[in-house]
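Below you'll find the structure, written out as structure tokens, and then a few comments.
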There are 2 protein chains.
Amino acid sequence: MVTIKEVAEEAGVSVATVSRVINQNGYVSEETLEKVKSVIDKLNYKPNSIARSLYHKTSNMIGLIIPDITNPFFPELARAVEDVAMMYGFKVVLCNSDQNPEKEMKYLDLFKEKYVDGIIFTTQSQESTVYSDLNVPIVALDRIGDTTIPSVVSNNYKGAKKATELLLQKGVKNIAHIRGPKNIAPSEARYHGFIDAVEGKGVNYTISEAEFQLKDAERKAEQFFETHTGIDGIFCSNDTIAAGFLKVALKKGIKVPEDLQIVGFDGSFFGEFIYPELTTVSQPIYDMGAVATRLLIKIIQGNQPEKLLYEMPTTIIERGTTR
Amino acid sequence: MVTIKEVAEEAGVSVATVSRVINQNGYVSEETLEKVKSVIDKLNYKPNSIARSLYHKTSNMIGLIIPDITNPFFPELARAVEDVAMMYGFKVVLCNSDQNPEKEMKYLDLFKEKYVDGIIFTTQSQESTVYSDLNVPIVALDRIGDTTIPSVVSNNYKGAKKATELLLQKGVKNIAHIRGPKNIAPSEARYHGFIDAVEGKGVNYTISEAEFQLKDAERKAEQFFETHTGIDGIFCSNDTIAAGFLKVALKKGIKVPEDLQIVGFDGSFFGEFIYPELTTVSQPIYDMGAVATRLLIKIIQGNQPEKLLYEMPTTIIERGTTR
DNA sequence: TTGTAGGCGTTATCAC
DNA sequence: GTGATAACGCCTACAA
């Protein structure tokens, strides 16, 4: 690694002058400017960002905490964060928390040590690690509750309500909702959306529960179809659950969408991989990541956010599992 | 952020002593040890890793370059790298190169600036950015060609051969291979595996090509089924292509696996999401990431790798798309 | 317009 | 056993 000192020597000037050239501040004569620039090129000098960080207490890095990159929801989100951060000259450090508060704390410490300029975190669980006193700009993604932190979420309640209404409007008479885990905020919101769509409408409905995992969904589906008959519409709390129920239904010879209609939630890419293709409530995942990142950068740059809650709209994508 | 100096003052000792306590080297009397430790706890002092990096020219960070985290192959890989790195006290910076050499170079510069201790890169294209002269321990994942760099790959050739032989053994008479792009090494290796399995065996075979993307695969599948009749077995270069072909086949009312058998490659998670479940050649993705990371850390710690090429075995997972 | 020097937080060498 | 102190690479008052 070539240092600023070497550049200075080679150019026959002081390090201060080189520094001025790099940072384009202070006075530098045209002549020395050219000279220094050419030496920088010649030596392929790149300022050491560690040293810079030490001085500025800033790193041009954004820390991103997600539960698990292996969960299909997050790669796109992470990608959006990276892309936008990149555009503004920030780098991203990505960490998987596994919803484990200890791991989360560990990463937060890491971030502080590394002088990250800001943090975006996505954690669907409701137990709150302490984010308030860490004195770094922060934005929450897909999380509600902590009303003091600027948040970007999609409208889970409304999306779920619309999805349920779609099923009813398509003629479903006996509807089921397979809800997600109780301690996960979006799952809760979707449940309420469903309830508010069916309550008082004179339709039969039933509620089951499954984890956001294929294996568990399949297991629950097996049980479900044995104990429930006559169900002709299911709204699942996410696409993974929907995929599990669809699979089991097909295996049992149930005709989809003729005899059973299914709607998922998320707009995961794999919804198009399966056949019939999954009708789903699509979240603007990439946009959510992009909005959150822009918001964070704004705060980093010293501007106050205009509002604390950014609710992003969901859209229904009608595909093969509804008529 | 509380600094070593503040701890020293509070404890009534010099920074040198505090440093000794933190790093557990040099002599410190039992008494001062206790004193300093308690102050560290009380002030919740964490050594600043930027300052450490500056001194040590080391960062406890590993740089990971992948083409695109949005491609289902990579999240698991990234996860493995992170998990193993974590176990050894390293952090991971993840970057998406989009197979773009410029972006790659940019990240490599970033890594050098940040004193990363080592780099793992995965790039399926064969054009080689210059990795040799960057003077940082490096390991290649899923890439062949540059024989000077320690590499971890799965046995694409052998897996493809086995997959093809499986189809033949299941009674397939008219077999097709949908190969991946020509400039991607694994796709090339799988092609050769297929060829070597069918050549001279007296079976009819045909070759088509598709991108590793669902939309393109579907388009190619539409064309394929129109121009080819009597095909009763297809080996696809990856699971995404297989998913596309399966979808179109089902749409056309072709019975799978009765009239058409399909085998994919990768062992992507979504193979279980579709119905019938995809028979596939599974790569030990997580293990590949883990092995590469351990290898890298070994090199970082100054040990020479025993060999330059680590070939990981593939396994066939027979599921619903074969009889 | 340019250079000197102190400081960012930590570690390691060398005195004491 | 412990404490100054120089050094890591860079930036910026302040001096010249």
Side-chain angles (χ1 to χ4, degrees), chain A residues 1-37 39-40 43-61 89 109-117 135-136, chain B residues 1-37 39-40 43-61 89 109-117 135-136:
Chain A
M1 280 299 274
V2 22
T3 72
I4 197 172
K5 213 170 147 190
E6 301 175 52
V7 175
E9 277 166 15
E10 178 77 18
V13 297
S14 76
V15 294
T17 303
V18 179
S19 178
R20 284 189 196 102
V21 172
I22 304 165
N23 300 296
Q24 316 194 46
N25 58 14
Y27 297 98
V28 182
S29 77
E30 192 62 29
E31 197 182 354
T32 46
L33 183 76
E34 288 311 318
K35 175 75 188 158
V36 171
K37 270 187 172 168
V39 173
I40 286 178
L43 268 46
N44 187 27
Y45 165 72
K46 299 262 191 314
N48 179 299
S49 63
I50 294 286
R52 279 191 156 163
S53 289
L54 187 57
Y55 185 89
H56 283 121
K57 294 179 185 310
T58 223
S59 64
N60 279 312
M61 296 207 303
D109 282 340
L110 168 70
F111 288 165
K112 291 194 76 170
E113 273 172 38
K114 298 273 187 202
Y115 291 137
V116 298
D117 299 316
N135 218 15
V136 177
Chain B
M1 278 297 274
V2 22
T3 72
I4 197 172
K5 213 168 147 191
E6 300 175 53
V7 175
E9 277 165 17
E10 177 78 19
V13 297
S14 76
V15 293
T17 303
V18 178
S19 179
R20 284 189 196 101
V21 171
I22 303 164
N23 301 295
Q24 317 195 46
N25 57 14
Y27 297 98
V28 181
S29 77
E30 193 62 30
E31 198 181 353
T32 44
L33 182 77
E34 288 311 320
K35 175 74 187 159
V36 171
K37 271 187 170 167
V39 173
I40 287 178
L43 267 46
N44 188 26
Y45 165 72
K46 298 259 190 317
N48 179 301
S49 63
I50 294 284
R52 279 188 157 163
S53 289
L54 186 59
Y55 187 89
H56 282 123
K57 292 177 184 309
T58 222
S59 64
N60 280 312
M61 297 207 302
D109 282 340
L110 168 71
F111 288 166
K112 291 194 76 171
E113 272 172 39
K114 298 271 188 202
Y115 290 137
V116 298
D117 298 318
N135 218 15
V136 176

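For the numbers below, each heavy atom of this structure counts, side chains included, while hydrogens, waters and symmetry mates do not. Proteins get letters first, then strands, A, B, ... in listed order; numbering begins at 1 in each. Source: prediction; values computed, not measured.
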Short side-chain N/O contact to C/dT2 OP1/OP2 from A/S29, under 4.0 Å: yes
Under-4.0 Å side-chain N/O to phosphate OP1/OP2 contact, A/Y45 with D/dC10: yes
Candidate nucleotides C/dC8, D/dC8, C/dT11, ranked by approach to the side chain of A/L54 - the nearest: C/dC8
Working for side chain to side chain contact (heavy atoms under 4.5 Å, CB included), residues A/N25 and A/R20: CA-CA 5 Å; A/N25 58 14; A/R20 284 189 196 102; 4.2 Å; yes
Protein-nucleotide distance (B/N23, atom CG; C/dG9, atom P), rounded to Å: 17 Å
Interatomic distance, A/E31 CD vs C/dT2 C1' [rounded to whole Å]: 13 Å
Closest to side chain of B/I4, choosing from D/dC11, C/dT10, C/dT2: C/dT10
Closest approach of B/L33 to B/V28 (non-hydrogen atoms, all atoms of both residues): N-CG1, 3.7 Å
Protein-nucleotide distance (A/E30, atom CD; C/dT2, atom P), rounded to Å: 11 Å
Spacing of CD belonging to A/E113 relative to CZ belonging to B/R52, to within rounding of 0.5 Å: 8.0 Å
Short side-chain N/O contact to D/dC8 OP1/OP2 from A/K5, under 4.0 Å: no
Among D/dC11, D/dC8, D/dT2, the one nearest B/Y27 by side-chain distance: D/dT2
Atom pair distance, as rounded to whole Å: CD in B/Q24 and P in C/dT10: 16 Å
A/G12 vs B/I50, nearer the 5' end of DNA chain C by closest nucleotide: A/G12
Atom-to-atom span, CE of A/M1 to C1' of D/dC10 - whole angstrom: 12 Å
Residue B/V13, side-chain heavy atoms: nucleotide from D/dT12, D/dG3, D/dT2 that is nearest: D/dG3
Flag for A/K46-A/N44: side-chain donor and acceptor within less than 3.5 Å: yes
B/T32 side-chain N/O to D/dT2 phosphate OP1/OP2 under 4.0 Å: yes
Exam field: side chain B/D117 to backbone B/N60, donor-acceptor pair closer than 3.5 Å: yes
Minimum-distance nucleotide to B/R20 side chain [options: C/dT2, D/dT2, C/dG9]: D/dT2
B/Y55 OH to C/dC8 P, straight-line distance once rounded to whole Å: 18 Å
Given DNA chain D, 5'-ward residue of the pair B/L33 and A/T17, judged by closest heavy atom: B/L33
Among C/dT10, C/dG3, D/dC8, the one nearest B/T3 by side-chain distance: C/dT10
Rounded distance in Å - CD (B/E9) to P (C/dG9): 12 Å
A/K46 NZ - D/dC10 C1' separation (whole Å): 17 Å
Phosphate OP1/OP2 of C/dC8 contacted by B/N48 side-chain N/O (<4.0 Å): no
Nearest-nucleotide pick for A/A16, side chain only, options being D/dA4, D/dT12, C/dT2: D/dT12
Nearest listed nucleotide, side chain of B/A51, among C/dT1, C/dG9, D/dC11: C/dG9
Any A/S19 side-chain N or O less than 4.0 Å from OP1/OP2 of D/dT12: no
Minimum-distance nucleotide to B/S14 side chain [options: D/dG3, C/dT2, C/dG3]: D/dG3
Any A/R52 side-chain N or O less than 4.0 Å from OP1/OP2 of D/dG9: no
Distance, nearest 0.5 Å, that separates CG of B/N48 from NZ of A/K112: 11.5 Å
Nearest-0.5 Å distance that lies between atom CE in B/M61 and atom CG in A/L110: 8.5 Å
Closest to the A/H56 side chain, choosing from D/dC11, C/dG3, C/dT10: D/dC11
